[in-house]
Amino acid sequence: MSEIRVTLPDGSVRSFTQNVTINEIAQSISISLAKSTIGAVVNGQLCDTSYLIKEDCNLKLITEKDDEGLEIIRHSTAHLLAQAVKKIFPEAQITIGPVIENGFYYDVSYSRPFTPEDLTLIEKKMSELVSQNIPIERRELTRDEAIKYFKSIGENYKVEIISEIPEDQVISLYAQGDFIDLCRGPHVPSTGKLKAFKLTKLAGAYWRGDSNNEMLQRIYGTAWRNKEELSAYLKMLEEAERRDHRKIAKQLDLFHLQDEAPGMIFWHPKGWRLWQVIEQYMRLMFKKYNYQEVKTPQIVDKSLWEKSGHWEKFKDDMFSLEAEEREYAIKPMNCPCHIQIFKQGITSYRELPLRLAEFGSCHRNEASGALHGIMRTRGFTQDDAHIFCMEDQIQGEVASFCDMLFEVYAKFGLNDILIKLSTRPEKRIGTDESWDKAEKALAEALNSKGLAWELMPGEGAFYGPKIEFVVRDCIGRLWTTGSVQLDFLMPVRLGAEYVAEDGSKKAPAMLHRAICGSLERFTGILIEHFEGKFPLWLAPSQIAVLNISEKQSQYSQEVYEQLKHKFRCEIDLSNEKIGYKIRSATLQKIPYLVIIGDQEVENKTITVRKRDGEDLGGMPINEFIDKLNLELV
RNA sequence: GCCCAGGUAGCUCAGUCGGUAGAGCACUCCCUUGGUAAGGGAGAGGUCGCCGGUUCAAGUCCGGUCUUGGGCACCA
C-alpha cells in the first residue's frame, strides 16, 4: 500500500502508511489536540473524528474553538435533547433538530404539551447522559434499511424525511447508547464533550413550517463551548429583558396599549415628544435630499385597492368600512395614493426624478399573534417615500438613498449595518432584460458606494428587486429597518405615465423606500438601543430643574422659564429632599439636572449634574445654555 | 390564525385546601425646609379582564370570550 499524504492548513504534510482516522491523526500531533478535536474538514467536507482517511487529502482539525466546532457542539446538544426526551417520554416522536443562532431546537410530537417542569426533567436527564460520556457513532445504511429501521421504532416523521433525501445520498445515522437519530453529522465523539447548555423555552411550531400541518412542540436550547460563554449569553438575555421597550416605556411614561385598541398605541406626552424629535429630524433629511412632503387620505374607496391589486391579495388584513353604501378601506400603505398625486396633470421627463415623501399613517389588521409591543402594530407610521424616475436614473437615486440612510443611522448611533440584495424570484412579471437592468442598477449603486452586501437570490418581490438594510443594536440584535424596492408593476397598473423626450408616453420606474420603516418600531428599537438613556438631542426631557428648599422656588421658576424656550425642560418644586429629587430625575434618565439652593440664588448661578452622576459644578445659566447648544450641534 | 403561559390597586407583585382581598412604590393631606440616588406620619384607592356555569360560598374550580407575553405561521 502506498502512503497517504495529509496536508494541514499550515501547508505541512503528514504521511501515514495505512488508513487512518481523524482522531489518530490528531493524536499523532499531540494528545491534548486529540482531546479537544471534535471534528474535521476533509477536502472542504465536515466529518467526524472517527472518519477514516483512505487517500491523500487536505485536512483541518476542528476544535471547539472553531466556529464549525461550536456548530457541531450545538447540533450534538440537539441530539442529546432528543435522546433525553425519548428516555423520559418513549412514545414521543422526534422530527428535526437544527442549529440556530446561539443554540438549537428540536421539534417533537407528543400527546400532550410539555410543561416547564418537563423541561427541567429533560435538562436533568441531559446532564446525566453527559456524565455517562456515551460514545457517539456514525453508521451508514441503505435507504430501505433506514426506512425499515425508523418504521420499526415508530418514528414516522423520520421515515418521511428519509423518503425525501435524494437517491444518490448516503443515509447516515448517529447512535449514542440505544438512541439512534437520522443525521448528516458530524457530531462530537461522545456526550461528555457537551458541557454548557441550557433549555430556554417551549413553543409550538408547525411540522415543516406549514400552518396547515400538525403543530409540534419545539424545545429551544442554547449551547456553548464552556460555562463562561453560556453565562455570558444568559447575561445578554437578561440585558435584553432589562432593555425591553415596553418596560422602559412604562418607567419613562412614554406610551401605553390597552384592550380597546389592540396593536395601536396611546402616546403619552413624553413619548410623543420623542416621536416628534425623530419625525422633525426625518423631515429635515427629506428636505436635504430633495424630497417633497405630501399627505394623503387615511380612508380610500375600495376600488383603488382593487386596481392596485392589494384588495385581492390582502383584503383579510385590511380594515374596511362602509358608509353611504360605499365600501372603503383604511389605507394599509401609501403608494397608490402617491401615484394619484403623480397622475395629476401631465408629467414631463424633465420633472423626473419626482420624490414624494409622507409620514404615512397606515393600518393593517395583522394576525393577532403577530402583534409585539410597538415593534409590530396594527396602526403605524412609515417614513415613506416614492421616487418616480426613468430607468437610467435608478442607480443614482438608489446611491443617493444609501447616503441618506447612512447619514440617518449614524445620527441615531446605529453604525453596524448589513445589506441584503434580493433578486428575481421564480414567479415574476417583467422581462428578463428589465430584471437584468434593475438588479444591475441596485448592485452598482451599492458598489459605487463601496458597500459590502449579501446576495439573496430569488428573494425579491414578484414586481421588482429590493435592498434591505439590517441594523445591529448595541447588544448585537439585528433589526431590518430600511429598504428600497424597485417596482415595475404599480405605475403600469395605476396608469402613471410621463412624457418622454421623444414625445411618447412611458411608465416611470418607481422606487419604494423607507429608512426607519415604521416610526413606531424604530422608536422601539431606539428605546432598547439606548436603554432609555437617550442622547441629549433625542431625550424627551433634556433638563430637570430641582430646588433644594421652598426658599429657592421663585428663582428656580425663573431659571426654568429661561431654559424651557430652548430645551425640553421640567421643574420639580415638590416638598422633598434634594436626594429624593435627584433619584427620581435620574430614574427618568434626564440628561442634565439643574440644582438650585441658597448659594445659586445668591450668586445668580446654577449647579449642574449629569445623568451619570458627574458634577459639573456651578455656572451662570448662559454658560450652561452655550454648553448644551454646543453638544447639540 | 395556531400552540403554550399569563391578566389581582396607577406600577411591581403576594394571595395556601374554594370561606367575599394584601405589601412596597406612586397618589392626597400633615410634620419636616433638608446640598447630590428614597426624611417621618396619616389617608384614600380593587365588583380580582369580561360573560356564563358548578357550589351554601368563586380572585381561587369549569366553559366561553377579550387581551398580553413567548414561539410558529404571516409581514404589501
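Quick caveat: nothing in here was measured; it's all calculated off a predicted structure. So that the names make sense, note that chain A is the first sequence line, chain B the second, and so on, each numbered from 1. All heavy atoms count here, side chains included; hydrogens, waters and symmetry mates do not.
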Complement of B:G59, any strand, by Watson-Crick or G-U distances under 3.5 angstrom
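WC or wobble partner does not exist here.
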N/O (side chain, [X]) to phosphate O (OP1/OP2, [N]) under 4.0 Å:
X	N	result
A:Lys250	B:C11	no
A:His372	B:C75	no
A:Tyr220	B:C72	yes
A:Tyr580	B:C25	no
A:Arg246	B:G70	yes
A:Ser549	B:G34	no

Heavy-atom nearest nucleotide on RNA chain B taken for A:Leu257 and for A:Met215; more 5' hit belongs to A:Met215
Hey, which of these two, A:Leu587 or A:Leu216, hits RNA chain B nearer its 5' end, going by closest nucleotide?
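First, find each residue's nearest nucleotide; the 5'-ward one identifies A:Leu216.
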How long is the line joining CG of A:Leu202 and P of B:C72, in whole Å?
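Going from CG in A:Leu202 over to P in B:C72 covers 13 Å.
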Contact class for A:Arg609 (heavy atom, under 4.0 Å): base, sugar-phosphate, or nothing?
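Touches a base.
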By the 4.0 Å heavy-atom rule, please label A:Ser308 as base, sugar-phosphate, or nothing.
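Counting heavy atoms under 4.0 Å across all strands, no contact is made by A:Ser308.
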Please confirm whether the backbone N or O of A:Lys581 pairs with a side-chain atom of A:Glu576, one donor and one acceptor, at under 3.5 Å?
no
Give a yes or no on whether a donor-acceptor pair under 3.5 Å exists between the nucleobase atoms of B:C74, that is its base, and the side chain of A:Arg376.
yes
Whether the side chain of A:Gln217 and the base of B:G71 hold a donor-acceptor pair under 3.5 Å is what I'd like checked.
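Donor-acceptor pair under 3.5 Å: no.
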Can you spot which of A:Glu238, A:Glu528, A:Glu531 makes a salt bridge (charged side-chain N to carboxylate O under 4.0 Å, His left out) with A:Arg243?
A:Glu531
The side chain of [X] is closest to which nucleotide in this list: [options]?
X	options	value
A:Asn575	B:C72, B:G34, B:A73	B:G34
A:Ile595	B:G35, B:A73, B:A38	B:G35
A:Pro262	B:U36, B:G39, B:U68	B:U68

Derivation and outcome, side-chain hydrogen bond (donor to acceptor under 3.5 Å, both in side chains), residues A:His256 and A:Gln258
CA-CA 7 Å; A:His256 83 272; A:Gln258 68 183 51; 2.8 Å; yes
What I'd like to find out is whether the side chain of A:Val470 reaches to under 4.5 Å of the side chain of A:Thr481, using heavy atoms alone.
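No; the side chains remain at least 4.5 Å from each other.
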I'd like the P distance from B:C61 over to B:U8, given in whole Å.
15 Å
